[in-house]
Each structure stands twice: as C-alpha cells, then as structure tokens.
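Beneath this line is the structure, given in structure tokens, with notes to follow.
By convention here, the first residue in the shown sequence is residue 1. Only this structure's heavy atoms are used, side chains among them; waters, hydrogens and symmetry mates stay out. On a predicted model such as this, the values are computed, not experimentally measured, just so you know.
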Amino acid sequence: MRLPVVIGAALLAASSALYAQAPKDDGKAARREQVRQAHEKAVKACEGKQGSERATCLRREMCAQSKDPKACEERLTKGRAAHAKARKACEGKQGDERRDCMRKELCAQSKEPAKCEAQAKEWMAKRDQAREACKGKEGEALRSCLREQMGGPRKK
C-alpha cells in the first residue's frame, strides 16, 4: 500500500532533478577564456617591444597559437588591407564624420554589411553610455570605470 506512494515520491524527486539542469553554455565562455590566455601568453612573449614591433610580435604570437596559423595571418592581412582602404577613403574627415565614414567603409567590405552596421551602432550606444557614466573621472579611475561599464577585461 505504501510502496506506490514511495515510488511516486521517488519519481517526482528524480524528475525535478532532471529539469533543474545548469543553463546551456554554447562554448562562448570557454572560447573567450582560451583567447584571453593566448593573449596573456603573447603579451609575455612580446615584453620589452614597443610600437609596430610589438604589434607585429603580438600578431605573430597569437596566430602561432591558432589552429591554422596561415589562415590567421591571411585573415589579419585582409583586415589590415580593408582598414587601409577605409582610412584612405575617409582621408580629410575629422571627428564624428571620420568615425562614421570609417564604419561605413569597413562594414561595406564585410560579409554581412547590415549586421556589421547594427553591431557598430549597438557598440557606439554602449560606448556613449559608458562615457556618460564615467564623466568627471580621469586617469586610471576613468580607464577602470570604462572597463567596468563596457564589460572589458579586469586587471588582477
């Protein structure tokens, strides 16, 4: 007589445990962590270098750690060429006009221009919000505030 009640209670307890699973992680957090660690390793390898020499070293180190270093280098070369083309197209423009021109030129060269424009506008709105929230701060306090507002990397 009590056996069905005990079995029912056990099934109920087991079923609630099945539905109380952790939220799905699509792998973005793990990928973000891998990239952060790779960047830290590259920064250590390029310590003491400055300017374009440091940028070249970082690029080389980051691509060396990727699955396909040759494809990584090609992708970065293509990006640099696109940026140079946009910079040339926006020559002579200043401030907001230059920023808008660069965004339009770079997005026009992307695979999905509409998506690129939408993401750029979303990022600009977030940046403006962060600037407003950090108004009146200077130096390291400003950088720290902007990092916090933008969700950037935390210094340890």
Side-chain angles (χ1 to χ4, degrees), residues 16 18-156:
S16 64
L18 288 174
Y19 289 108
Q21 296 174 358
K24 277 189 176 179
D25 179 17
D26 58 0
K28 287 184 182 179
R31 176 72 180 130
R32 196 175 303 124
E33 182 62 23
Q34 283 178 327
V35 171
R36 189 185 64 74
Q37 289 174 352
H39 186 261
E40 285 178 3
K41 187 176 176 183
V43 167
K44 286 179 185 174
C46 298
E47 241 172 55
K49 297 180 180 176
Q50 293 181 348
S52 63
E53 182 185 13
R54 182 173 192 271
T56 302
C57 178
L58 284 171
R59 192 169 40 250
R60 187 176 51 249
E61 290 294 323
M62 289 295 290
C63 282
Q65 296 176 53
S66 72
K67 290 179 185 174
D68 187 354
K70 188 175 179 182
C72 177
E73 284 288 342
E74 288 172 1
R75 194 171 49 252
L76 290 174
T77 301
K78 184 179 174 186
R80 281 194 307 271
H83 197 268
K85 183 178 173 186
R87 198 172 36 242
K88 188 168 186 158
C90 299
E91 216 170 8
K93 296 180 180 175
Q94 299 276 322
D96 290 341
E97 185 183 12
R98 177 175 167 73
R99 187 173 25 255
D100 290 342
C101 177
M102 289 292 289
R103 183 189 72 241
K104 287 177 186 169
E105 288 293 325
L106 287 170
C107 284
Q109 297 176 50
S110 72
K111 290 179 186 174
E112 300 177 39
K115 184 178 178 183
C116 176
E117 285 276 347
Q119 286 176 334
K121 286 180 181 175
E122 183 181 317
W123 186 87
M124 287 179 0
K126 190 175 181 181
R127 184 199 66 202
D128 291 342
Q129 264 184 332
R131 283 184 176 174
E132 187 63 33
C134 299
K135 210 175 232 180
K137 296 183 179 182
E138 293 180 4
E140 184 54 40
L142 174 62
R143 282 189 289 279
S144 178
C145 179
L146 288 172
R147 254 194 313 272
E148 185 178 307
Q149 292 294 319
M150 296 296 287
R154 309 276 189 261
K155 284 198 174 181
K156 294 177 184 174

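Between R143 and E140 there is a salt bridge, since at least one side-chain N of the basic residue sits less than 4.0 Å from a carboxylate O of the acidic one. At a threshold of 4.0 Å, the pair E132-K135 counts as salt-bridged, since one of the basic side-chain nitrogens sits closer than that to a carboxylate oxygen. A salt bridge between E40 and R36 is present, with a side-chain N of the basic residue lying under 4.0 Å from a carboxylate O of the acidic one.
The minimum heavy-atom distance linking A42 with Q65 is given by the pair N-NE2, 4.1 Å. The nearest pair of heavy atoms linking S66 to C63 is OG-O, 2.8 Å. Annotation for L106 and A82: closest pair CD2-O, 3.7 Å, computed over non-hydrogen atoms. The minimum heavy-atom distance linking M150 with R127 is given by the pair SD-CA, 3.8 Å. The minimum heavy-atom distance linking C90 with R98 is given by the pair O-NH1, 3.6 Å. Considering every non-hydrogen atom in both R54 and K49, the closest pair reads CD-O, 3.2 Å.
Atom CE in M124 sits 10.5 Å away from atom CZ in R131 (nearest 0.5 Å). Here C57 contributes atom SG and M62 contributes atom CE; the two are 11.5 Å apart, rounded to the nearest 0.5 Å. The distance from atom CG of L142 to atom CD of Q149, rounded to the nearest 0.5 Å, is 11.0 Å. With rounding to the nearest 0.5 Å, the separation of SG in C101 from CG in D96 is 12.5 Å. If you take NZ on K78 and NE2 on H83, they are separated by 15.5 Å, rounding to the nearest 0.5 Å. Distance check: R59 CZ to T77 OG1 gives 7.5 Å after rounding to the nearest 0.5 Å.
Under 3.5 Å, the side chains of R147 and S144 contain no donor-acceptor pair of N or O atoms.
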(message) Assess the residue pair K93 and M102 against the criterion (side-chain contact (heavy atoms from CB on, under 4.5 Å)); give the C-alpha distance rounded to whole Å, side-chain angles, the decisive distance to 0.1 Å, and a yes or no.
(response) CA-CA 10 Å; K93 296 180 180 175; M102 289 292 289; over 6 Å; no
(message) side-chain contact (heavy atoms from CB on, under 4.5 Å), that's the test. Do Q119 and K115 meet it? Break it down for me.
(response) CA-CA 6 Å; Q119 286 176 334; K115 184 178 178 183; 3.7 Å; yes
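More than 12 heavy atoms of other shown residues, nucleotides or ligands fall within 6.0 angstrom of atom CD in E33. Residue K41 qualifies as open at atom NZ: its count of foreign heavy atoms under 6.0 Å is 12 or below.
For the pair E73/D68, no side-chain contact is recorded, criterion being any heavy-atom separation below 4.5 Å from C-beta on. Taking 4.5 Å as the limit, some side-chain heavy atom of K104 sits within range of a side-chain heavy atom of E117.
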